[in-house]
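One structure is given below, encoded as structure tokens.
Small disclaimer: the values here were computed from a predicted structure and weren't measured. Numbers restart at 1 for each chain; the letters A, B, ... are given by sequence-line order, proteins then strands.
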Amino acid sequence: MTKSILIADDEIHIRRLVEQSLEDLEDAGVNIQSVGDGEEALAAIRTDRPGLVILDVMMPKMDGFSVCEQIKNDPSLKHVHVILLTAKGQEYDRLRGQEVKADTYMTKPFDSDALLALACDVLGVSI
Amino acid sequence: MNVRVQSRSSHMILLIILVILASVGVVTYAQMAVKQVEEELPLRVMREKRDMEQIARNFYDFLVVTDAARVHPTKGGAESVREHLRVVIRSLEHLRKRYAFNTLIGASALYSVLSPTVDDAQLWLEKGFGDLPQSSPIVLDLIATRSRETLSRVYDKTTEADRIAYQILERQTGKLQGLRRQLSISLIALVFLAAGMVWLAGRQQRATARQAEAEAAKERAQIQLRHAIDSISEGFSLFDTDDRLVVCNDRFIEFHYPDGVALPMPGTPFETIIRNSAEAGLIEDTRGYPSIDDWIAARMAEHNMPGNEIIEHRANGKWVRITERKTEDGGQVAIYSDITELKDRERELQIAHAAAMQASEAKGAFLANVSHELRTPLTSILGFTRMNQKRLSERVFPKVGSDDSKTNRAILQISENTEIILAEGVRLTALINNVLDLAKIEAGEMDWKIEPLEPKDLVNRAAVATEYLLREKGLEMSIDVAEALPLVMGDQDKVVQVILNLISNGVKFTERGGITCKAELSGAEAVNFSITDTGCGIAEQDMSMVFEKFRQVGNTLTDKPTGTGLGLPICKEIIDHLGGRIWVESKVNQGSTFHFTLPTAP
């Protein structure tokens with residue numbers, strides 16, 4: 001696992017927000033990448049093998065659940081930490097998240113400080 | 001025709017014949033007996049007796065005359081003797097003719113006694129006796145002597161005849177008496193016979209009457225049954241063990257013979273009836289089979305193993321439910337119900353249901369969409385405001401000089417403004433969450449995961465999540481959960497949400513003191529949770545409004561609205577759904593206790 005983060009969300013503002021939240025990690029040498037749909041996300045994950053992936057659930061082409069499922073079923077990608085970030089807070093969404101074996105389920109609006117803390121934890125970097 | 005009635009009437013005929021024969025026999029016997037008696041009638045006896053006595057008298061007269069002539073012989077005397085003898089001879093001849101072969105009392109014997117003497121007398125009178133001429137008085141002597149002797153014998157015979165006549169008459173009387181007795185007996189026997197006949201006739205009549213009554217009763221019962229069957233609103237048919245029609249009502253006939261022209265007669269086999277319907281094209285279902293015979297085979301298979309109901313689609317668009325049941329004696333009853341209306345309603349219901357499902361799905365999708373749509377811009381607003389706050393306070397403000405009071409004031413304002421924006425944003429998020437939750441609960445869209453839960457665990461989770469709230473205000477939290485409480489049924493997230501809500505409410509209205517969370521048994525079937533605060537309490541007039549939507553307790557103009565007014569209503573919805581109760585006790589300026597119960601797990 002590389003010390004890199006992949007952000008996948010179709011909303012440009014959310015991408016920007018997450019990037020800004022995790023900005024300090026870039027100074028610590030973590031590479032942050034953003035994509036706008038599920039297919040791109042999957043390709044990027046396969047190529048770059050980031051240590052942390054933040055997936056929005058509602059994305060075109062392939063949703064977050066499916067991407068997560070793909071990642072977790074791939075033995076070489078199993079250890080990627082997946083955070084599902086979503087405006088959907090319903091129980092069955094949470095259950096679905098559990099089904100696809102997401103590591104963290106975060107609802108929007110999210111706490112950016114908490115996200116930063118988690119990222120540091122996962123990548124083993126301190127700010 | 002009743003066999004017993006038949007044999008009874010033949011008994012009757014037999015009896016009548018018997019009686020007639022008996023009567024005829026009796027009458028014939030009586031006639032014969034009477035005839036017999038007539039033949040031995042006293043008349044004959046008396047006649048014979050009279051004749052015998054007559055001849056005896058004649059002979060006596062002859063003797064007297066002969067005696068007289070002997071004593072006083074005259075010409076005239078001799079003539080008189082001859083005359084009298086002629087009379088006797090005539091009488092004797094008469095006697096002979098009459099009684100030679102059918103003497104009753106001895107006339108023929110008398111004849112035998114008289115005849116030689118008379119013959120001799122005649123001979124002697126004509127020819128004389130030996131040397132003596134007929135005019136000789138000696139002859140008369142002889143005749144007289146002879147006659148005297150004969151007369152004695154004649155009297156013997158007549159006496160004997162009397163005796164015999166008496167005997168005969170005695171016998172006759174006896175016979176008549178006997179006959180009378182026999183006739184009496186026969187009469188009595190006939191009377192008994194007649195009585196017997198009458199009795200039997202009576203019995204027969206009663207039996208016939210009972211028979212008729214039974215027949216009438218049976219008839220009435222049949223008619224009653226018939227009426228009952230005909231009045232059933234459904235088609236009814238009964239088939240016997242040979243699968244032949246016993247009885248059916250008009251409605252059944254309508255189903256199979258709608259034009260009413262052909263009618264099924266009792267005894268028609270079931271298969272014939274359904275074949276008739278199938279071939280007349282009445283049954284739509286036959287279209288699903290290669291041939292009518294195939295449909296009939298399938299139908300007969302079901303008919304022979306009745307149990308489930310059969311739904312038939314008819315060519316006239318009607319739907320029929322046929323239930324067939326076997327009866328105790330091996331027959332079969334079929335009930336035909338027209339369920340066309342039912343089917344139509346069923347279809348309407350299906351359509352409505354599908355529409356409702358669609359609408360519900362649409363609503364569910366809408367709610368999910370709304371949730372998503374509202375949260376996304378909110379995420380940007382809150383997120384970037386926070387980001388700005390961080391960047392300003394960490395990287396900009398430190399660099400800005402602190403000599404200019406206006407700048408400092410601006411920095412302070414910016415910081416405080418940002419705090420306000422964030423706080424309001426958080427409040428907006430909570431409001432959106434509450435609105436969406438309430439909408440979901442009301443739409444039945446809320447997902448409920450109901451399972452047995454540990455009361456202590458629930459309280460602890462809520463306490464942990466609200467710890468910082470109490471700390472901020474310097475309030476104490478105390479937890480008092482009874483030992484060994486049973487598990488309760490509920491949705492963990494939502495129950496924790498309720499406790500959390502109640503705690504944070506308590507904190508909101510409390511300035512000093514603390515919050516106490518208690519859980520204890522309430523009866524055998526529920527656990528009572530209570531959250532007590534030492535805050536300002538709720539006024540009496542506001543108590544009823546506490547759980548109402550969109551109501552804030554207190555003056556909304558002077559008091560800062562710090563809630564959405566949705567928290568408590570949502571708690572109520574949740575507790576109500578889980579089968580519990582929620583209520584509040586409060587005293588102004590002393591504090592409030594919110595209670596809710598949850599049912600124990602079975």
Side-chain angles (χ1 to χ4, degrees), chain A residues 7-28 32 34 36-37 54-60 63-65 83-99 105-120 127, chain B residues 361 363-395 421-437 439-441 443-451 468 491-494 497 574:
Chain A
I7 303 166
D9 196 312
D10 57 335
E11 293 270 347
I12 184 169
H13 293 157
I14 306 298
R15 288 203 298 269
R16 181 192 162 93
L17 186 57
V18 176
E19 283 162 13
Q20 282 189 13
S21 304
L22 302 172
E23 209 178 60
D24 289 342
L25 285 171
E26 278 187 316
D27 301 333
I32 299 177
S34 297
D37 70 53
I54 299 165
L55 291 174
D56 180 29
V57 163
M58 304 273 278
M59 281 193 291
D63 68 42
F65 290 127
I83 299 175
L84 283 178
L85 187 65
T86 180
K88 287 168 150 277
Q90 281 156 289
E91 185 62 33
Y92 60 76
D93 299 306
R94 230 178 285 261
L95 281 175
R96 184 94 175 90
Q98 278 171 5
E99 264 172 52
Y105 199 93
M106 242 185 210
T107 50
K108 300 176 191 169
F110 62 90
D111 184 346
S112 45
D113 294 327
L115 183 61
L116 180 61
L118 183 57
C120 292
I127 316 265
Chain B
E361 268 172 39
K363 189 150 86 164
F366 171 74
L367 280 176
N369 220 29
V370 160
S371 163
H372 184 262
E373 292 300 303
L374 288 176
R375 282 190 223 265
T376 305
L378 201 53
T379 309
S380 291
I381 291 170
L382 279 176
F384 286 120
T385 306
R386 176 84 185 108
M387 202 53 56
N388 285 356
Q389 189 191 48
K390 269 180 76 166
R391 294 288 182 259
L392 280 172
S393 62
E394 282 166 16
R395 299 179 196 173
I421 295 169
L422 284 174
E424 291 299 276
V426 167
R427 200 162 79 86
L428 187 59
T429 312
L431 183 59
I432 290 170
N433 287 340
N434 281 349
V435 165
L436 288 173
D437 276 352
K440 275 207 298 209
I441 292 176
E445 286 291 318
M446 188 62 103
D447 306 306
W448 296 88
K449 193 165 132 211
I450 299 182
E451 55 191 347
Y468 73 98
D491 178 315
Q492 185 176 284
D493 283 347
K494 297 191 177 55
Q497 189 182 336
I574 291 170

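- Using a 4.5 Å cut-off between heavy atoms, Leu115(A) makes no contact with chain B at all.
- In this structure, OG1 in Thr107(A) is found 6.5 Å from CZ in Arg375(B), a value given to the nearest 0.5 Å.
- Interface remark: Gln20(A) contributes backbone and side-chain atoms alike to the contact with chain B (heavy atom separation under 4.5 Å).
- One distance of note links OG1 of Thr376(B) with NZ of Lys108(A); it measures 5.0 Å at 0.5 Å rounding.
- Counting heavy-atom neighbours within 6.0 Å of Arg16(A) CZ, excluding the residue itself, gives a total of 12 or less.
- Screening Ile14(A), Leu17(A), Ile12(A) for a side-chain contact (heavy atoms from CB on, under 4.5 Å) with Ser380(B), the sole residue that qualifies is Ile14(A).
- Contacts between Asp113(A) and chain B at a heavy-atom distance below 4.5 Å involve the side chain alone, from C-beta outward.
- One finds the CG atom of Leu85(A) at 7.5 Å from the OG1 atom of Thr379(B) (value rounded to the nearest 0.5 Å).
- Residue contact with chain B, scored on non-hydrogen atoms closer than 4.5 Å, involves the side chain of Asp24(A) exclusively.
- Partner of Glu23(A) under the side-chain contact (heavy atoms from CB on, under 4.5 Å) criterion, out of Met387(B), Arg391(B), Lys390(B): Arg391(B) alone.
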